Colleague: 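Got a structure for you, written out below as structure tokens; questions coming shortly.
Because the structure is a prediction, the values reported are computed rather than measured. Read the numbers this way: they start at 1 and go in the same order the structure lists the ligands and their atoms. The analysis underlying the following values was restricted to heavy atoms, covering all of them including side chains, and did not include hydrogens, waters or symmetry mates.
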Amino acid sequence: MIGSMMGRPLLVSALLEHAARWHGKTAVVSQRAPQEGVTFGWEEIDQRARRLAQALIRLGVRPGDRVGTLGWNHHRHLEAYYAIPGIGAICHTLNPRLFPEQLVQILQDAQDVGLLADARHLPLLQTLESLGVRLPWVILMGEPGEACAPALGAWFDYEALLAEENGHFDWPDWPEEQAAGLCFTSGTTGRPKGVVYSHRSTVLHAMSVALPDSLGFSACDSVLPVVPLFHANAWGFPHAAALVGAKLVLPGPWLEGATLYALLEREEVTISAGVPTVWRGLMSFLQAQALKLNHLRLLGVGGAACPPALVRYFEQEQKVPVRPGWGMTETSPVAALMSPKRAQMGLSGEARWRWLEKSGRPPFGVDMRLRDSAGREVARDGKTPGHLEVRGPWICEYYWKEARETERVWFPTGDVATLDEDGFLQITDRVKDLIKSGGEWISSVQVEQAALLHPAVREAAVIGFPDPHWGERPLLIMVLEAGRGVTEEELRQHLAQHVARWSLPDRFLVVDSLPYTATGKVDKVALRRFHGEGSG
Ligand code: ADP
């Protein structure tokens with residue numbers, strides 16, 4: 001016997017429809033120039049998305065087609081986020097920070113039928129064309145008058161297209177398992193691979209993100225995704241904001257400290273999230289100007305391990321709780337967040353800082369296990385590392401175009417981690433970044449976190465270099481705080497307080513800057529190429 005409840009599908013368009021119907025006047029603010037925002041209500045965003053849906057259908061977009069987007073966080077991109085899956089097509093977000101050659105590869109792989117691109121990406125579009133990309137059409141998302149004809153086939157001005165439609169369009173129903181979004185991994189450790197999200201996975205992920213132990217969105221919040229819309233669903237912000245009817249603030253491409261601070265204050269942002277690099281920029285600005293954040297009540301940090309100095313600064317100086325998390329493109333991406341349980345509520349001082357170095361615990365909907373190289377599950381003791389595997393309704397089973405030979409029950413993440421008795425995860429490393437020294441694995445993340453606790457160290461990356469006796473030994477590459485110096489001996493003594501003796505780096509190197517990937521993570525492949533003597 002089946003239940004007698006209605007079989008309404010979980011659809012992305014239903015999120016927007018809900019926001020429009022029940023939170024229609026709640027603001028969506030889009031920054032169109034530094035210090036200048038334009039404000040819509042959710043109702044207007046829904047109306048505009050319906051007109052975009054009509055325009056896309058007129059252009060010939062059909063269910064199942066991939067429609068690319070190449071844009072920063074602004075209202076037009078948000079509308080595309082809803083309009084494309086709303087007509088049964090697949091919203092394929094492209095990362096403009098990737099190398100053009102990678103974009104060409106991804107566009108060929110996805111076979112997008114058209115592209116919505118920021119007018120400011122025109123030079124990139126021209127480069128793509130010179131590399132052989134041919135798209136049936138491009139819609140330029142720009143302010144009126146900003147667009148000018150690109151070289152890529154037929155082109156349209158976004159606002160002109162919308163002006164031709166009347167918005168009398170009902171969001172159709174689709175099976176909830178139907179594909180809604182496509183995002184390629186940023187290729188940090190290899191060729192980018194496509195992950196296809198469904199309507200169902202997107203809605204369930206948004207519901208999870210909104211829960212109090214996750215990012216805790218409510219209709220009283222003003223939420224700011226600093227994480228780009230092209231980086232794995234912007235960690236669920238655009239969907240979860242609509243789901244609860246929160247005010248949504250979109251920063252455009254302006255993510256440096258001063259502009260971000262002005263936006264956080266002006267729009268009374270209560271919850272925001274992004275990669276550590278962005279928050280380090282904001283922290284430096286706030287420190288230099290001796291400024292206070294007056295509205296923020298939760299800062300999400302993900303995509304890479306959260307530097308301890310960042311946690312301490314925001315919690316101690318700004319009184320803003322920091323919530324590190326773990327996830328990947330393949331996990332939609334939010335799969336673990338550092339929210340306390342009753343047992344952690346009383347933690348203070350060093351004990352609390354040590355706890356906050358972990359990467360989170362799984363919410364309902366995400367299950368995890370750690371296995372050793374022989375496939376045996378390892379102890380949940382907070383010490384024994386294992387290969388992290390995950391499963392759940394918003395975890396990728398197989399990649400775009402990958403043959404689905406057998407059902408994949410657990411997704412192998414490629415990360416090595418520990419789990420403690422309370423269920424808190426700690427990422428040790430990506431398998432490819434682990435340093436294999438003799439019989440031991442050295443966690444580059446652990447040594448980096450320890451180095452970052454030294455006041456002179458601003459950025460740190462640890463890679464292996466070949467060693468005839470041990471196989472590999474660690475090299476610590478650092479960027480120092482302006483005007484600060486530190487000796488190797490001092491560093492060694494400092495690190496010895498935090499990591500095991502065999503993990504202490506054999507070599508130290510100070511550089512002016514570290515290379516970063518398109519999603520704002522230290523590019524270890526590039527570091528190994530330059531400093532690892534070919535060990536990458
Ligand atoms: P890519 O794999 O192309 O860099 P993702 O954004 O999907 O793109 O990156 C996911 C990876 O980022 C994870 O597999 C993990 O290695 C790393 N990562 C994410 N969150 C954390 C964290 N809290 N601590 C350490 N590493 C993290």
Colleague: So which heavy atom on Ala450 is nearest to which on His498, and how close?
Modeller: CB-CB, 3.6 Å
Colleague: So if I count the atoms of ligand 1 from 1 in the order they appear, which ones are less than 4.0 Å from some heavy atom of Gly325?
Modeller: 20 (N), 22 (C), 23 (N)
Colleague: Of the choices Ala335, Ala305, Pro324, Gly414, which has the non-hydrogen atom that lies closest to atom 24 (N) of ligand 1?
Modeller: Ala305
Colleague: Under the 6.0 Å and 45° cation-pi test, does Lys358 pair with Phe424?
Modeller: no
Colleague: Only heavy atoms count here, so choose which of Lys193, Met328, Lys521 is nearest to atom 12 (O) of ligand 1.
Modeller: Lys521
Colleague: Is the closest basic N to carboxylate O distance between Glu459 and Arg280 below 4.0 Å?
Modeller: yes
Colleague: Would one find an N or O of Thr413, backbone or side chain, under 3.5 Å from an N or O of ligand 1?
Modeller: no
Colleague: Can you name the closest pair of heavy atoms from Val447 and Val499 and give their distance?
Modeller: CA-CG1, 4.2 Å
Colleague: Counting heavy atoms only, which part of Ile427 comes closer than 4.0 Å to ligand 1: side chain, backbone, both or neither?
Modeller: side chain
Colleague: Can you tell which of Asp415, Val275, Thr517 gets a heavy atom nearest to atom 13 (C) of ligand 1?
Modeller: Asp415
Colleague: May I ask you to identify, for Thr185, whether its side chain, its backbone, both or neither come under 4.0 Å of ligand 1 on a heavy-atom basis?
Modeller: both
Colleague: Please report the closest heavy-atom contact between Phe285 and Tyr261, naming both atoms and the distance.
Modeller: CE2-CB, 3.7 Å
